[in-house]
Amino acid sequence: MAAAANLSLAPYHHHHHHHHSDTNHHLPLHFTTLLLLPTKKRFTISCNSAKRAAAPPPPPPPSAVAQDPKTPSLAEQLKPLSTTTLSDQPNETHLLSKPKSTWVNPTKPKPSVLSLQRHQRSASYSYNPQIKDLRQFAKKLNECTESDFSAVIQTIPHSPSRENALLVLNNLRPWQKALLFFNWLKSQDVFPMETIFYNVAMKSLRFGRQFQHIEELALEMVEKGIVLDNITYSTIITCAKRCNLFDKAVEWFERMYKTGLMPDEVTYSAVLDVYAKLGKVEEVMSLYERGRASGWKPDSIAFAVLAKMFGEAGDYDGIRYVLQEMKTLGLQPNLVVYNTLLEAMGKAGKPGLARSLFEEMVDSGIVPNEKTLTALVKIYGRARWARDALELWERMRLKGWPVDFILYNTLLSMCADLGLVDEAERLFDDMKASEKHKPDSWSYTAMLNIYGSGGSVDKAMDLFKEMSEKGVGLNVMGCTCLIQCLGRAKKIDDLVRVFQTATSAGVKTDDRLCGCLLSVVSYCKGEDSDKVLGCLELAKPELVEFVKLLSGEESNNFDFVKEEFKRILSNTAVEARRPFCNCLIDICRNRNCHERAHELLYLGTIYGLYPGLHTKTEEEWRLNVRSLSVGAAQTALEEWMGTLAKIVQRKENLPALFSANTGAGTHKFSQGLGGAFASHVEKLAAPFRESEEKAGFFIATREDLVSWVQSKAASSSSSSSAVSAV
DNA sequence: GGCGACGATA
């Protein structure tokens, strides 16, 4: 409960006071804050921010509102908002006192911002006794071919009156039919085409994602002088959004803006979503505040949009802002908003707050659905909170909360990530026993992941057989898990068989799978290595070529290797680049090409594959090898020792402490790194010792290191350097 | 007898 209170109380607080103009000092703190700060990580909440944020000063007099003689574009309007003042609570006189305000609709004599027009469904329709016939007719139109259309249209059971025509148009699903019918209506010329006909036709076109056609209709409306209303604009905008034509969506909103039409709540949230999907957080917040200032009361959908946006940005303060705003407006989050907020909390890295928000939701009487639980399971999994995840699962079963495939599979992959083998098996059996949710290829993948990373080759292969028996397709990830497992068990013939089965069944190989094959190559010899390279040859031939180049007899020059390596990396998915480099380094070391291994580590570093490999503070220099393979970590250690030796010899300043972080091996792939590192330290006789307090750390003091370098120089130096030293 | 002209979540 304490955490729940935490969530909603602290208001926004900003640190960036520059740009803070005098003109907006009267606005509530959160308002100006949001408009002024740079997009990324704008806010940090400090503990005392709640105390510092006093009650907002009163709004300015209406005359303080800036005016423009011409109608500027929306972009122009949104930008200067940060230095422009707007009233928080406008009223009618306020608006009428500035007739040129962009947001006043010139076609309407009495603009009412506060009561936005929303269509009243009941009012626009009355009961139509011919509905059955007309629906049947619409069905016939839907099902006929386009060439039969003109014949079928003649069989219309009743006269195409305005209401009848609307009813039919409304029931035409395929956009082609809607467009044909719409054009037919126009050719009949029995009544004038009103806005609603265009809107209904556009709905169908949007369903078919026909933005081109929608835009043509809209331009036709403009040309014929038919009024475009909020429904028209929001249909156009959401269609553009669905077609990923975000610039078009903005363009049409700007157009609407220029006509002076007031957006209603639907248009607001549609446009906010467009800006949010474009990553334009500043614009979203400007528009949000502008809307609020002109009397718009944001609803749950608008807040879901905002929450999603802040979640995507991992912006925790933004999430708090949403909660605060809802509270201010006296709006209780609904299920969707809670789900969005929960997911946002997860993305912002706040599992504890997500958990308390979830409890708050349940306490308020809202029953979680599949999406809620999926979001939460993901969060607990990522936080490695096995206990919370399993307790949640238990609670789901007890309460009979809804489950679906995604939730089941999310639970399974959570078990895979946390190494919960027994629980995963139980869950998998549950799925097999259930009627509705038999394990699918995702479920099998999660199980293959568990058995694969746990080294249970036989169980993994049993699953593989079971899949083909049950007709469940193997996907790339399952294939990768299986191959990794077979590789470690040195069952290379099985590996090749799995690879061939998968590819001939249509599995498209990806760079992760190639990285997995490459890692098998790195620890295989002779014939085995050739077999795996044979698989890799089919998936990524240039990589095999590069492996041959690395161990080739001909002495390749560095620049050539560099160019080839760069070419391969740029044709490789980002997430597979470091694994490639790690494996290639391992391959070099296993083939005694240590020089080349160092070159590859160097190249990997300059291509940004190992960010944070070295960190330096005043007191401590650290080598961070957690994301490196064994060979790469050894290479990095050698490199570091060489550099440190030079620094000692040059008598430059050194910190008191040196450390190497291998990680404690809790992650399934990093196991064994610590041990391998320890033995390499021993081989080099480097003065690092495993830390007793911090698992996964190797420590050396400055004194140890200096004396090691000096003794090494003394023992290994030739007589000439010994002479020069004298 | 009961008619979806506009917006949100994995």
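Numbers restart at 1 for each chain; the letters A, B, ... are given by sequence-line order, proteins then strands.
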Which nucleotide, [options], lies nearest any side-chain atom of [X]?
X	options	value
A/Glu265	B/dG7, B/dA5, B/dA10	B/dG7
A/Glu343	B/dT9, B/dA10, B/dA5	B/dA10
A/Asp404	B/dA5, B/dA8, B/dA10	B/dA10
A/Lys371	B/dC6, B/dT9, B/dA8	B/dT9

Taking N and O atoms by type only, does the side chain of [X] place a donor or acceptor under 3.5 Å from a partner on the base of [N]?
X	N	value
A/Ser234	B/dC6	yes
A/Arg173	B/dG4	yes
A/Asn170	B/dC3	no
A/Asp264	B/dG7	no

Item checked: Contacts of type ring-ring contact (aromatic ring centres under 6.0 Å, His included), residue A/Trp393, not counting sequence neighbours -> none
Rounded interatomic separation in angstrom, taking [atom1] from [X] and [atom2] from [N]:
X	N	atom1	atom2	answer
A/Leu169	B/dC3	CG	P	18 Å
A/Tyr275	B/dG7	OH	P	19 Å
A/Leu167	B/dG2	CG	P	12 Å
A/Asn164	B/dC3	CG	P	17 Å

Next item on the list: Would you mind listing every salt bridge (charged side-chain N to carboxylate O under 4.0 Å, His left out) that reaches into residues 179-192 of chain A, with sequence neighbours excluded?
Entry: A/Lys186-A/Glu220
Check: Got a sec, which residues hit salt bridge (Lys or Arg N to Asp or Glu O under 4.0 Å) with A/Glu215, two or more places apart in sequence or on another chain?
Finding: A/Lys248
Item checked: Those residues that, when tested against A/Asp404, pass salt bridge (Lys or Arg N to Asp or Glu O under 4.0 Å) (two or more places apart) -> none
Notebook entry, point to check: What nucleic acid atoms does A/Lys308 come within less than 4.0 Å of, heavy atoms only: base, sugar-phosphate, or nothing?
Noted result: sugar-phosphate
Notebook entry, point to check: Can you list every pair that meets side chain to side chain donor-acceptor pair (under 3.5 Å) and has a residue in residues 235-245 of chain A, with sequence neighbours left out?
Noted result: A/Arg206-A/Thr238, A/Lys241-A/Asp273
Next item on the list: For the residue pair A/Asn369 and A/Asn339, confirm or rule out a side-chain donor-acceptor distance under 3.5 Å.
Entry: yes
Margin query: Below 4.0 angstrom, which residues in residues 334-342 of chain A have at least one non-hydrogen atom near DNA chain B?
Written below: A/Asn334, A/Val336, A/Asn339, A/Thr340
